[in-house]
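Please read the structure below before turning to the comments.
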Number of protein chains: 2
Amino acid sequence: MHSHSPARRQSGKPVRVLLADDHELVRDGIRARLQKVADLEVVGEATNGREAVSLAEELRPDVLLMDVSMPVMNGLEAARQVRKSLPETAVLVLSVYDNPEYVRGVVQAGARGYILKDISATEMITAITSVATGGYYFSAAVGPTLVGAATSAPVEDPYGLTERERQVLSAIARGQPNKEVAKELGISVRTVESHRLNLREKVGNKNAAQLYKVAQDLGLLD
Amino acid sequence: MHSHSPARRQSGKPVRVLLADDHELVRDGIRARLQKVADLEVVGEATNGREAVSLAEELRPDVLLMDVSMPVMNGLEAARQVRKSLPETAVLVLSVYDNPEYVRGVVQAGARGYILKDISATEMITAITSVATGGYYFSAAVGPTLVGAATSAPVEDPYGLTERERQVLSAIARGQPNKEVAKELGISVRTVESHRLNLREKVGNKNAAQLYKVAQDLGLLD
DNA sequence: CGCGCATTCGGTAGTATTACTGAAAAGCTG
DNA sequence: CAGCTTTTCAGTAATACTACCGAATGCGCG
């Protein structure tokens, strides 16, 4: 009751890859990397999203390795279209951003993988093989944003929260009212209120519901 | 400014794999598959979660390929412990279930991949290579539940919320106070309060901060 | 049609949170 | 030591939310 969707090609035949990036230099670099691998074959190159879509429809590659930021039509929109017209082609997005919002958008557009441009040739090949085999591949840096964080390296904190504030935030996010937070930390309710207000100040004027998100982003919940 | 966390081993050296499954037959099958691959080396085998953890600490494998359902200590708890004591070891979970809840639990326990037992040898090897290289790998069937769909159906709702309640929940989770939710939906504050209280009733007596989590679980936020 | 359910709204009361201002003690740093 | 941050706590007032109560409308279903 699963098993439709992309690829799942026969092993034996090489993986047919279509490259899409507006920078020739980048395409050259990638092609150079991929040409050394027997199992991979670069069947075409596109310089923008629209070209990527039409070339993909013509060539029907196993994998479309595509940059997100391109002129005419960006990779996001292109990914959407390819996923519709060519469900057999796995879209693997290549980007310089490890921004969570960005990653989310990309995978929702139907990409089956997201890799960063600073990865090694080995990893790039693995990623291509992965999506071509029918799986999903994500670079280490973007994985946590997908699975809801909890990596181990405590995400560094863009808000500049103090230790105490993190403790309070954690307790609040777990659903405790100020009174119980106070009891848990052995401080007065007023103090908890102070921290709470400082938190709202620091993270932006978000309400209680939103504090959960922040706590989660900071990995305070596990 | 990323790059800590697991693996990211040198290419050249073989990937050291620790197998954990309570069925000898399964272990034998997997080992047979992996032994044919030069880049992979099975360095040990465990028959339950506790054994997997202690063997992992001793052998420090690149990848721990582990079943979820095992006696003594299940794979979920084992994954958590390994992630704490051995951040360098990538946990790749092997399971027969493509149940969304299950997958979520597993990745939140820190697994860097989730594959189904019915996959091909090729895909299993790709998956192992993927997590060993520092990436995240997910089988085709479980990927959609991770990325929040775009492929499959809108996560079914264990709470039995109504359409209107979902709208209200969504607005609350986005951080709006009742007053603004009312304005947005064109209803009175009292009605929003009703919905809010009904929501708390339905999802359990969680507070405002926790409502965010529910909204997220239900995919109301994107 | 009567019943249940979703949706809407009101009253009243109490609790919680926010928005201010102000301040004291502890610790670190130049 | 003076200045800084962190953490602590207080007063006061407004706003928001919770916990109950009850009730009207509309809609589908047996």
Side-chain angles (χ1 to χ4, degrees), chain A residues 153-222, chain B residues 153-222:
Chain A
V155 191
E156 87 305 297
D157 147 15
Y159 305 110
L161 302 187
T162 66
E163 186 51 32
R164 202 53 160 173
E165 285 168 342
R166 262 191 291 274
Q167 290 172 14
V168 174
L169 172 55
S170 170
I172 291 173
R174 280 197 305 273
Q176 316 211 34
N178 287 354
K179 196 190 287 182
E180 296 195 19
V181 178
K183 212 179 297 173
E184 179 180 316
L185 298 178
I187 56 183
S188 94
V189 177
R190 309 311 299 280
T191 306
V192 177
E193 288 174 351
S194 285
H195 287 308
R196 187 176 197 129
L197 296 176
N198 289 335
L199 279 167
R200 287 167 57 96
E201 177 84 13
K202 285 188 178 179
V203 306
N205 206 20
K206 304 171 182 181
N207 79 346
Q210 294 273 294
L211 284 179
Y212 184 93
K213 174 182 167 54
V214 176
Q216 188 178 264
D217 288 346
L218 264 50
L220 298 177
L221 295 177
D222 295 283
Chain B
V155 193
E156 86 306 293
D157 152 11
Y159 304 110
L161 302 187
T162 67
E163 184 52 31
R164 203 51 159 173
E165 285 168 343
R166 262 191 290 273
Q167 289 173 14
V168 174
L169 173 54
S170 169
I172 291 173
R174 280 198 304 274
Q176 315 210 35
N178 289 352
K179 195 191 288 181
E180 296 195 20
V181 177
K183 211 179 296 172
E184 179 179 316
L185 297 178
I187 55 183
S188 95
V189 177
R190 309 313 299 282
T191 307
V192 177
E193 288 175 349
S194 286
H195 287 308
R196 187 175 198 128
L197 295 177
N198 289 335
L199 278 167
R200 287 166 60 94
E201 178 83 14
K202 285 189 179 179
V203 306
N205 205 19
K206 304 172 180 179
N207 78 346
Q210 294 274 293
L211 283 180
Y212 183 93
K213 175 181 167 54
V214 177
Q216 187 179 266
D217 287 346
L218 273 87
L220 297 178
L221 294 176
D222 297 286

Check the phosphate of dT7(C) against T162(B), side-chain N and O only, distance under 4.0 Å to OP1 or OP2. Yes or no? yes

Specify the separation, in whole Å, of atom CZ of R164(A) and atom P of dT6(D). 14 Å

Under 4.0 Å: is that the gap between some side-chain N or O of S188(A) and OP1 or OP2 of dC9(D)? yes

Expressed as a whole number of angstroms, how long is the span from R200(A):CZ to dA16(C):C1'? 12 Å

Short side-chain N/O contact from T191(A) to OP1 or OP2 of dC9(D), under 4.0 Å: yes

To the nearest angstrom, how far is E193(B) atom CD from dT7(C) atom P? 17 Å

Pairwise 5' ranking along DNA chain D for N198(A) and R190(A), keeping only the more 5' one: N198(A)

Ion pair check, E193(A) and R196(A), cut-off under 4.0 Å: no

Taking only side-chain N and O atoms of S194(B), does any of them lie within less than 4.0 angstrom of OP1 or OP2 on dC9(C)? no

Rounded to the nearest Å, what distance is computed from the CG atom of residue L185(A) to the P atom of nucleotide dT7(D)? 11 Å

Report the distance from atom CD of E163(A) to atom P of dT7(D), rounded to the nearest whole Å. 8 Å

Counting only side-chain N and O atoms of H195(A), is one of them less than 4.0 Å from OP1 or OP2 of dT6(D)? no

Does K183(B) come within less than 4.0 Å of E180(B), counting only side-chain N to carboxylate O? no

For a quick test of reading the model: is some side-chain N or O of R196(A) closer than 4.0 Å to OP1 or OP2 of dT18(C)? yes

Protein-nucleotide distance (L197(B), atom CG; dC9(C), atom C1'), rounded to Å: 13 Å

Enumerate the residues from residues 175-184 of chain A whose closest heavy atom to DNA chain D is under 4.0 Å, giving them by residue number; use none for an empty result. none

Under a 3.5 Å cutoff on both atom distances, Watson-Crick or G-U, what's the dot-bracket for DNA chain D ([ ] crossing, | other strand)? ||||||||||||.||||.||||||||||||

